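Mind looking over this structure? Questions follow.
Please read these numbers as outputs of a predicted model, since none were measured by experiment.
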Amino acid sequence: MLRIAAFCIGFALSTALAVAAGLDEQAPAGAYKTDPSHSSLLWSFNHSGLSNYTARFTGVNARLDWNPVKPEASMLTVEIDPMSVRTDYPWPDVVDFDAKIGGDPDFLAGKLIRFVSSTIRITGERTGIVEGVLTFRDQTHPASLNVTFNGSMAQHPIMKTAKLGFSATGTIRRSEWGLGFAIPELGDEVKLVIETQMVPADYAFR
């Protein structure tokens, strides 16, 4: 038992040191892409004034042209597959609710969702606002994200590659994109919560 405990403590310490060492060295400039196993995009809106209905997208592909010296010179493009929506509807044998939300003309209409940054404004040591245009349902309008830079590693101790980490939030009014279904029973304001890790664009996932 003592040997097992000693091994566990030693492993934990070595991992912590490796992570700390990686954090001391920043990820280099260059093109990065989403690590889908460490990323999520949640969206929610008020439902009948009783709760905030929450779902997510699993098909999110982002590309970041990263400039660590001058972050405001970076460029972000995000593409989302509307058919990748996951609602966890409890009766899939009755209705394929994910397919309805993703493909029905009254909802996302099966159209690619795309965000392209135009301006990045630095607001703090690790925070900024990414402004750009958001396209879905074939309509394009301005949108912005409040972003926190969580840090970077020149080499992740497990994946053995450079990594960046970000958290972001944003709010849009879906009616501005022609999605006015059931307002006000279903809220117009849609909140976005994003967590992501990114790896070099040429990294091969296994």
Side-chain angles (χ1 to χ4, degrees), residues 11-12 14-43 55-86 98 102 108 110-136 138 140 142-170 192-206:
F11 179 78
S14 63
T15 301
L17 289 171
V19 171
L23 284 171
D24 285 342
E25 299 180 17
Q26 293 185 353
Y32 287 80
K33 65 182 179 182
T34 309
D35 174 359
S37 64
H38 296 92
S39 299
S40 64
L41 195 170
L42 303 179
W43 53 267
R56 67 190 187 281
F57 289 108
T58 60
V60 181
N61 295 301
R63 179 187 171 93
L64 175 67
D65 293 316
W66 175 240
N67 186 332
V69 176
K70 192 177 181 183
E72 61 271 27
S74 302
M75 176 71 182
L76 174 67
T77 302
V78 183
E79 292 187 344
I80 303 168
D81 176 6
M83 302 307 295
S84 75
V85 67
R86 297 292 179 266
D98 292 349
L108 298 180
K111 304 290 187 179
L112 180 71
I113 301 169
R114 194 166 192 261
F115 176 80
V116 180
S117 69
S118 56
T119 303
I120 297 177
R121 294 190 287 114
I122 305 302
T123 58
E125 185 177 350
R126 287 181 175 266
T127 60
I129 297 175
V130 179
E131 299 175 336
V133 292
L134 175 66
T135 301
F136 74 90
D138 287 339
T140 301
S144 65
L145 295 169
N146 296 304
V147 179
T148 298
F149 173 54
N150 297 320
S152 72
M153 296 181 179
Q155 179 170 285
H156 189 273
I158 297 175
M159 296 182 68
K160 306 302 181 185
T161 189
K163 273 202 143 185
L164 305 169
F166 299 91
S167 300
T169 59
L192 308 173
V193 178
I194 302 162
E195 296 290 338
T196 188
Q197 293 183 24
M198 308 189 80
V199 296
D202 60 356
Y203 179 81
F205 292 105
R206 292 179 177 82

Would Ile194 and Phe166 satisfy side chain to side chain contact (heavy atoms under 4.5 Å, CB included), going step by step from the backbone distance to the final call?
CA-CA 8 Å; Ile194 302 162; Phe166 299 91; over 6 Å; no
What I'd like to find out is whether the side chain of Phe205 reaches to under 4.5 Å of the side chain of Lys33, using heavy atoms alone.
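Touching, per the 4.5 Å side-chain cut-off.
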Could you verify whether a donor N or O on one side chain and an acceptor N or O on the other, from Ser144 and Glu131, lie under 3.5 Å apart?
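There is no such pair between these side chains.
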So do the side chains of Trp66 and Ser152 get within less than 4.5 Å of each other, counting heavy atoms only?
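In short, these two side chains do not touch, never coming nearer than 4.5 Å.
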Check for a donor-acceptor pair, side chain of Arg126 on one end and backbone N or O of Thr148 on the other, with a separation under 3.5 Å.
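Not a single qualifying donor-acceptor pair exists.
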How about Arg121 and Glu72: do any of their side-chain heavy atoms sit closer than 4.5 Å?
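SC-SC contact between Arg121 and Glu72 ruled out.
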Mind telling me whether Phe57 and Trp43 have parallel, tilted or perpendicular rings, with 30° and 60° as the class edges?
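Rings of Trp43 and Phe57: tilted, 30 to 60°.
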Grab the two heavy atoms, one from Met83 and one from Gly110, that are nearest each other, plus how far apart they are.
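Answer, listing the atom of Met83 first, then Gly110: SD-CA, 4.3 Å.
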Given Asp98, Ile113, Leu41, Thr58, the one that forms side chain to side chain contact (heavy atoms under 4.5 Å, CB included) with Ser84:
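Checked Asp98, Ile113, Leu41, Thr58 against Ser84; only one passes side chain to side chain contact (heavy atoms under 4.5 Å, CB included): Thr58.
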To the nearest 0.5 Å, what is the distance between CD1 on Ile80 and CG on Leu134?
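Ile80 CD1 to Leu134 CG: 7.5 Å, rounded to 0.5 Å.
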List the atom of Ala31, the atom of Asp65, and the distance in Å for their closest heavy-atom pair.
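What the structure gives for the nearest pair is CB-OD1, 3.7 Å.
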Do the non-hydrogen side-chain atoms of Val60 and Val78 ever get within less than 4.5 Å of each other?
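Val60 reaches Val78 side chain to side chain.
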Once rounded to the nearest 0.5 Å, what's the spacing between atom NZ of Lys111 and atom CG of Asp138?
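Going from the NZ atom of Lys111 to the CG atom of Asp138 covers 4.5 Å.
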Exam field: side chain Thr77 to backbone Val116, donor-acceptor pair closer than 3.5 Å:
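Not a single qualifying donor-acceptor pair exists.
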Please tell me if the side chains of Asp35 and Met159 come closer than 4.5 Å, counting only heavy atoms from C-beta onward.
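They are in side-chain contact.
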Could you check whether any side-chain heavy atom of Pro71 comes within less than 4.5 Å of a side-chain heavy atom of Ile120, counting everything from C-beta outward?
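No; the side chains remain at least 4.5 Å from each other.
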